[in-house]
Every structure is written in C-alpha cells, then in structure tokens.
Amino acid sequence: MKLRILVTGKNRKIATDLCEHLESDRGYLTVKCQPNKNALFDVILAELPSVIIICLGDETMDTIKSYDVLSDASRRGNCTTIVVANEEDEKFFKKHSELSKVYFLSRPVPLLSLYEMLIKIEEELENEKEESLSLFREYENENGEMGFKRKHILVVDDDTEQLVNIKEQLKEFYDVTPVKSGEAAFKFLFKNIPDLILLDYLMPEQDGPEVLRKMQTIKEYAEIPVIFLTGVTEKSAVLQTLTELRPQGYIVKPAKKSELVAKIIEAIEPEA
C-alpha cells in the first residue's frame with residue numbers, strides 16, 4: 001500500500017526537495033500544502049494522508065499554532081506526524097504546539113532513516129487492512145455502567161473558516177466531525193450516526209433543505225436532530241423551511257459560542 005503524504009511547513013526548499021525524493025525514490029503520493037490553518041484543514045479533509053511531514057523554517061508562535069489543526073488526524077491513530085527541525089526550531093515547536101505526538105527528524109534530512117520509518121508505517125497499515133473485523137462482535141449493555149459519553153456533532157458547511165470556527169467552539173464539549181458538502185455528509189452517515197447535525201442552509205450542488213429532505217426519506221437518518229446554519233439574508237427563507245421540514249431550529253452565522261452550545265443543548269439534551 002503506497003502512502004499518501006502531506007508535506008507542509010515554512011521551509012519551502014526542504015519541503016520541495018522531500019517531495020521530489022519521496023516521489024522519485026519510493027513512488028509515494030505527496031501533497032504540498034501552505035502552512036496556514038484553513039489550507040491545512042481543507043487538505044486533511046480532502047486527502048486523508050497517512051503521514052504528515054512539517055518542515056519548520058522561520059516560525060512564529062502563530063505559525064506553530066496553525067499546525068494544531070492537524071491534531072485530529074494525529075489523535076485518530078492512523079496518521080503519523082513527522083517534524084523536520086534543527087535544535088532551536090524543535091524547542092520552539094515543543095513550547096507552543098498542542099500536537100500530542102510527533103516524531104522529530106534533524107536537518108539535513110537523513111533520507112534512509114526517513115524511508116525506514118515510512119516502510120514501517122506502510123507495513124502497519126497493511127496489517128491493519130488485512131485484519132478481518134468480522135472476527136469481532138460488538139456488544140453494548142444498555143443496563144451497564146457505560147460512563148460519560150460525549151455527544152457527536154456532524155457539521156456540514158462549504159465554508160472552511162466556518163468549519164474551523166465551529167469546531168474550535170464546540171471541541172470542549174462535543175466530538176465534532178466537519179464535512180464540506182451534502183455528499184460528504186451522507187458518506188459519513190453511511191457509517192456513523194451523530195447525535196446532531198449542524199447543516200449549512202446554502203451550499204452548492206445540494207443545499208441544506210435538499211440534504212434534510214433526503215435524510216427524512218431514509219429511516220436510519222430521519223430522527224437525527226438538525227439545526228440549520230444560516231446567514232442573515234436567508235432568514236425569511238429559513239423560517240418558511242422550518243414550517244415545511246421541521247428541523248430543531250436555526251442559528252444565524254457567525255454565532256457566539258454560548259449561543260451555539262445553548263441551541264445544541266436545547267435540541268439534544270432538553271432535560272438538562
């Protein structure tokens with residue numbers, strides 16, 4: 001299985017050289033990305049890389065913080081983050097980054113060591129792929145003490161900045177999955193049922209009402225609470241849609257954190 005590798009960072013020369021070596025020496029699929037939060041967020045959603053390589057350069061506290069958007073990919077356990085840095089950059093990164101687990105690699109990059117690491121990652125992913133999930137039978141005892149379980153929110157919006165902001169606002173209280181289209185939402189729903197969906201009212205291809213209508217025709221999705229995300233100019237159209245489709249309400253963007261959380265609690269925790 002050939003790895004898909006995301007290469008980013010302010011040291012563009014090293015990033016470019018690494019991409020060339022990874023492609024020509026090993027045939028890996030590489031994707032270069034600008035080191036800013038929105039661009040990284042988009043690429044992570046679109047490419048689902050197995051490895052992220054950050055080539056540190058002339059960093060500031062703000063640029064280091066922009067890499068924190070990669071934390072979800074790292075926490076899932078199926079993505080390895082490698083940081084290429086000198087001693088000074090490494091100390092600065094450790095001081096300001098919130099990434100929980102990374103591997104540091106010194107400059108100049110020892111390619112053989114890097115390739116050994118990537119081969120090991122390939123083998124681990126291949127072994128995981130070959131394991132049959134049918135060997136396991138999941139059981140949840142509804143009467144058992146399950147402990148606290150965080151609610152899961154699916155956020156559907158074609159605006160990257162909105163997705164980033166909402167995820168930041170809700171991550172303290174909920175598990176949040178962001179997607180950028182109705183099509184991506186249904187791909188997620190095929191495997192997962194969230195506790196609530198925040199659904200952008202206006203989107204290209206499938207807009208919010210169209211997505212909700214389709215959900216309501218599918219038994220497994222029909223009871224999922226939905227709150228529309230809308231701009232001020234769409235308010236009258238949304239009110240009409242509320243009467244027709246009966247979602248759990250709407251929120252005018254950009255919403256304050258307290259307003260957003262209160263609306264979600266009202267929809268999925270009415271007795272709280």
Side-chain angles (χ1 to χ4, degrees), residues 1-57 59 63-64 66-86 89-90 93-94 97-133 135-136 160 163-164 167 177-181 183-184 187-188 190-192:
M1 138 179 241
K2 284 299 178 186
L3 297 178
R4 184 177 295 274
I5 302 175
L6 168 62
V7 182
T8 185
K10 292 194 71 177
N11 196 322
R12 296 183 180 181
K13 183 180 186 308
I14 289 181
T16 300
D17 289 347
L18 268 182
C19 284
E20 291 177 357
H21 281 291
L22 291 168
E23 291 171 1
S24 61
D25 296 348
R26 297 283 305 166
Y28 290 128
L29 303 170
T30 64
V31 180
K32 283 179 65 178
C33 180
Q34 292 295 322
N36 68 72
K37 181 185 284 188
N38 286 356
L40 288 168
F41 192 87
D42 272 351
V43 170
I44 287 292
L45 284 178
E47 301 293 340
L48 300 176
S50 304
V51 178
I52 299 166
I53 300 178
I54 303 172
C55 303
L56 297 184
E59 307 291 344
T63 60
I64 293 295
S66 70
Y67 300 127
D68 290 343
V69 77
L70 305 173
S71 60
D72 280 348
S74 298
R75 277 199 298 267
R76 283 197 299 268
N78 58 355
C79 184
T80 302
T81 302
I82 299 170
V83 178
V84 176
N86 59 23
D89 289 338
E90 182 175 333
F93 186 91
K94 288 178 178 178
S97 175
E98 293 181 6
L99 292 181
S100 57
K101 183 178 180 180
V102 303
Y103 295 90
F104 285 100
L105 195 58
S106 299
R107 300 197 302 253
V109 179
L111 288 175
L112 288 179
S113 297
L114 175 60
Y115 293 162
E116 286 177 3
M117 175 74 154
L118 297 178
I119 290 169
K120 181 181 177 182
I121 293 169
E122 278 184 301
E123 291 173 348
E124 290 175 354
L125 290 174
E126 194 63 41
N127 289 337
E128 289 176 10
K129 184 179 178 182
E130 290 175 358
E131 288 178 359
S132 173
L133 291 177
L135 295 175
F136 298 91
T160 297
L163 288 176
V164 171
K167 187 173 178 64
T177 297
V179 298
K180 297 194 69 177
S181 68
E183 181 183 0
K187 286 181 180 178
F188 174 85
F190 183 72
K191 296 182 179 180
N192 309 272

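All heavy atoms count here, side chains included; hydrogens, waters and symmetry mates do not. This is a predicted model, so every value here is computed, not measured.
- To the nearest 0.5 Å, atoms OG1 (T160) and CG (D42) are separated by 3.0 Å.
- A pairwise comparison of heavy atoms in R26 and I119 identifies NH2-CG1, 3.3 Å as the closest pair.
- Rounding to the nearest 0.5 angstrom, the gap separating the CG atom in L40 from the CD atom in Q34 is 9.0 Å.
- Atom CD1 of I82 is separated from atom CD1 of I121 by 5.0 Å, given to the nearest 0.5 angstrom.
- Under the 4.5 Å side-chain criterion, counting only non-hydrogen atoms from C-beta, V69 is not in contact with I44.
- With a 4.5 Å cut-off on side-chain heavy atoms, V84 and L18 count as touching.
- Across all non-hydrogen atoms, the minimal contact from C79 to P49 is SG-O, 3.5 Å.
- Residue K180 places its NZ atom among more than 12 non-hydrogen atoms of other residues, nucleotides or ligands, all under 6.0 Å distant.
- Residue E124 holds its CD atom at 11.5 Å from OG of S50, rounded to the nearest 0.5 Å.
- Under the side-chain contact (heavy atoms from CB on, under 4.5 Å) test applied with V83, the options D89, L105, I54 reduce to a single match, I54.
- Within 6.0 Å of the CD atom in E183, the count of heavy atoms belonging to other residues, nucleotides or ligands does not exceed 12.
- Summarising the local packing, CZ of R12 is surrounded by 12 or fewer heavy atoms from other residues, nucleotides or ligands at distances under 6.0 Å.
- Inspection of the K32 and T16 side chains reveals an N or O donor paired with an N or O acceptor under 3.5 Å.
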Side-chain donor/acceptor pairs under 3.5 Å, residues 3-10, sequence neighbours excluded:
| unit_1 | atom_1 | unit_2 | atom_2 | d |
| --- | --- | --- | --- | --- |
| R4 | NH1 | E47 | OE1 | 2.9 |
| T8 | OG1 | C33 | O | 2.9 |
| K10 | NZ | D58 | O | 3.0 |

Run the side-chain donor-acceptor check on residues 108-118: report pairs under 3.5 Å with partners two or more places apart or on a different chain.
| unit_1 | atom_1 | unit_2 | atom_2 | d |
| --- | --- | --- | --- | --- |
| Y115 | OH | H21 | O | 3.4 |
| Y115 | OH | D25 | OD2 | 2.7 |

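- One side chain, T63 or E59, offers a donor N or O that lies under 3.5 Å from an acceptor on the other.
- Of all non-hydrogen atoms in P178 and L45, the two that sit nearest each other are O-CD2, 3.3 Å.
- By the 4.5 Å heavy-atom criterion applied to side chains, I53 and C55 are counted as neighbours.
- Here CG of L56 is found 5.0 Å from CD1 of I64. Values are rounded to the nearest 0.5 Å.
- Pairing each heavy atom of R107 with each of I14, the nearest pair is CD-CD1, 2.9 Å.
- Using a 4.5 Å heavy-atom threshold, the side chains of D68 and S97 count as touching.
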